[in-house]
Amino acid sequence: MLKAITKSNLRTLSGLIQRFQSTLVVAEHNNDTLTPVTLSAITAASKLGGEVSCLIAGTDCAKVAEQLSQVEGVKKVLVAQHDVYKGMLPEELTPLILASQKQFNFTHICAGASAFGKNLLPRVASKLDVAPISDIIEIKSPDTFVRTIYAGNALSTVKCNEKVKVFTVRGTSFEPAKQGGSATSEQVSSATPVGISEWLEQNLTKNDRPELTSAKIVVSGGRGLKSAENFKLLYDLADKLNAAVGASRAAVDAGYVPNDMQVGQTGKIVAPELYIAVGISGAIQHLAGMKDSKTIVAINKDPEAPIFQVADFGLVADLFKAVPEMIDTLKK
Ligand SMILES: Cc1cc2nc3c(=O)[nH]c(=O)nc-3n(C[C@H](O)[C@H](O)[C@H](O)COP(=O)(O)OP(=O)(O)OC[C@H]3O[C@@H](n4cnc5c(N)ncnc54)[C@H](O)[C@@H]3O)c2cc1C
């Protein structure tokens with residue numbers, strides 16, 4: 001006998017579907033701490049329902065594995081330690097993920113949409129012969145995700161029919177998972193080294209200011225600053241506010257600042273509590289990287305500058321007058 005499908009039946013069905021999900025989050029870390037985007041990926045994974053496991057691979061990552069096991073929502077931590085995971089090369093991590101997938105049959109595999117995740121997950125997806133979904137900003141259901149297109153000007157809702165859903169998570173769209181979990185930990189044997197690439201060294205920029213993508217306040221400068229020397233104004237302002245300093249692509253292309261400071265479609269995506277745009281016109285490619293900031297302040301001498309359309313507070317002024325005044329006020 002056929003039964004009518006009621007709303008309550010549908011709810012029960014979707015609850016059951018969610019319960020059978022099992023997600024693997026690939027953790028990004030530096031053998032000392034987890035990256036904030038990994039915590040955001042765990043929050044996203046928790047929204048799928050079902051069980052969340054994390055895979056952590058490294059050379060000496062016991063301390064981070066311990067941190068991971070205390071993250072809310074994580075049920076199981078898979079730990080793989082081997083010299084071959086130095087530098088977290090995707091060539092070496094992929095066989096490890098595939099072996100875990102074979103063993104546990106996850107329905108979803110994800111990581112943060114950082115350089116690490118963007119480098120790794122397409123390779124994993126290709127080996128699993130599934131299409132990956134990149135940089136998701138929302139989860140509608142276990143097979144339906146939202147991501148931005150056209151430099152953030154449109155949202156695309158994607159239904160994924162692949163047997164395993166492989167995706168990266170935009171960190172600014174999901175709150176980082178909090179402490180408060182008590183996951184079990186399991187050592188997994190490392191896969192046979194592939195040996196086609198070798199990690200030699202990395203040179204990290206030393207910076208006393210907060211990291212751009214996780215700072216609560218970001219002060220960004222554009223072509224309006226006119227020179228590398230004038231960026232000192234923004235560094236002084238940032239130091240008063242304990243802020244990170246970002247830049248538009250025009251400022252990077254003009255050589256005022258290095259390209260790791262670029263915010264936007266082809267730069268970093270930030271969503272701080274406060275974003276102060278100084279001498280930036282507000283091109284869509286720049287907005288794509290900062291328009292989710294909680295409060296946006298714009299300083300621009302052109303009252304028609306598009307940045308004022310997204311700004312919560314706008315100051316039509318010459319930045320060379322306004323910024324020193326702000327610094328003086330903050331000194332008092
Ligand atoms: C494929 C593609 C990807 C891109 N990706 C990015 C990206 O990731 N990030 C990004 O930022 N851009 C990106 N761009 C470039 C983008 O289109 C703009 O060219 C760029 O953002 C402009 O930077 P700007 O606002 O600093 O410069 P401008 O557009 O030249 O604006 C300078 C602003 O400073 C103001 N100004 C000048 N002097 C003063 C003063 N004394 N006081 C106050 N205000 C002053 C002016 O009124 C003006 O509004 C991309 C472009 C393309 C095609």
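Here the structure is a predicted model, which is why all the values come from computation and not from measurement. Values reported hereafter were calculated over all heavy atoms of this structure, with side chains retained and with hydrogens, waters and symmetry mates removed. Numbering of ligands and ligand atoms starts at 1, following listing order.
Atom NZ of Lys291 sits in a crowded spot, with more than 12 heavy atoms from other residues, nucleotides or ligands closer than 6.0 Å. Within 6.0 Å of atom NZ in Lys127, 12 or fewer heavy atoms from other residues, nucleotides or ligands are found, so the atom counts as exposed in its surroundings.
Nearest to atom 7 (C) of ligand 1 among the protein's heavy atoms is Gln262 NE2, 3.1 Å. Of the protein's non-hydrogen atoms, Asn300 OD1, 3.5 Å is the one closest to atom 46 (C) of ligand 1. From the protein, the heavy atom lying nearest to atom 33 (C) of ligand 1 is Gly279 O, 3.3 Å. Looking from atom 15 (C) of ligand 1 to the surrounding protein, the closest heavy atom is Arg249 CB, 4.1 Å. Scanning the protein for heavy atoms near atom 38 (N) of ligand 1, the closest one is Lys226 NZ, 3.0 Å. When hydrogens are left out, the protein atom nearest atom 45 (C) of ligand 1 is Lys301 CG, 3.7 Å; that is the closest non-hydrogen contact. The protein heavy atom nearest to atom 25 (O) of ligand 1 is Ser281 N, 2.7 Å. Atom 17 (O) of ligand 1 has Gln285 OE1, 2.8 Å as its closest protein atom, hydrogens excluded (heavy atom only).
Of all atoms in ligand 1, numbered sequentially from 1 with element shown, those under 4.0 Å from a heavy atom of Gly267 are 8 (O). Shown in contact with Gly222 at under 4.0 Å from a heavy atom are these atoms of ligand 1, numbered in order with element: 26 (O). For ligand 1, the atoms closer than 4.0 angstrom to any heavy atom of Phe320 are 41 (N). Atom numbering of ligand 1 starts at 1 in the shown order; those under 4.0 Å from a heavy atom of Gly224 are 32 (C), 34 (O), 36 (N), 37 (C), 38 (N). Short contacts between ligand 1 and Ser248, defined as distances under 4.0 Å to a heavy atom of the residue, involve ligand atoms 11 (O), 23 (O), 24 (P), 26 (O). Distances below 4.0 Å separate heavy atoms of Ala317 from the following atoms of ligand 1: 42 (N), 43 (C). Which parts of ligand 1 touch Asp318 is read off a 4.0 Å heavy-atom cut-off, strictly below it: atoms 40 (C), 41 (N), 42 (N). Taking a cut-off of under 4.0 Å to the non-hydrogen atoms of Asp302, the atoms of ligand 1 that pass are 47 (O).
A heavy-atom distance below 4.5 Å is not found between the side chains of Ile284 and Tyr150. Side-chain contact between Ile217 and Asn242 is absent, with no heavy-atom pair separated by less than 4.5 Å. Using a 4.5 Å heavy-atom threshold, the side chains of Leu287 and Ile307 count as touching.
Below 30°, between 30° and 60°, or above 60°: for Tyr85 and His82 the angle between ring planes is above 60°, a perpendicular geometry. Using cut-offs of 30° and 60° on the angle between ring planes, the pair His286 and Tyr275 is tilted.
Across Thr168, Ile133, Leu155, a single residue satisfies side chain to side chain contact (heavy atoms under 4.5 Å, CB included) together with Arg147, and that is Ile133. Checking each of Val194, Leu120, Leu98 against Leu93 for a side chain to side chain contact (heavy atoms under 4.5 Å, CB included) leaves exactly one that passes, namely Leu120.
Classification of Lys332 and Asp328 as a salt-bridged pair fails, no side-chain N sitting under 4.0 Å from a carboxylate O. With respect to Asp143 and Lys165, no salt bridge is recorded, no charged nitrogen being found less than 4.0 Å from a carboxylate O.
The shortest N or O to N or O distance between Ala283 and ligand 1 is not below 3.5 Å. At least one N or O atom of Leu319 sits closer than 3.5 Å to an N or O atom of ligand 1. When only interatomic distances are considered, the shortest N/O to N/O separation between Val263 and ligand 1 falls below 3.5 Å.
For atom 31 (O) of ligand 1, the nearest protein heavy atom lies under 4.0 Å away.
With a 4.0 Å heavy-atom cut-off, ligand 1 is reached by no atom of Ala322.
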For a side-chain contact (heavy atoms from CB on, under 4.5 Å) check, start with the C-alpha distance between Phe174 and Ile136, then their side-chain angles and the critical distance, and finish with the verdict. CA-CA 10 Å; Phe174 297 87; Ile136 64 147; 4.2 Å; yes
Full working for salt bridge (charged side-chain N to carboxylate O under 4.0 Å, His left out) between Asp236 and Lys232: CA-CA 6 Å; Asp236 290 348; Lys232 182 169 182 314; 3.0 Å; yes
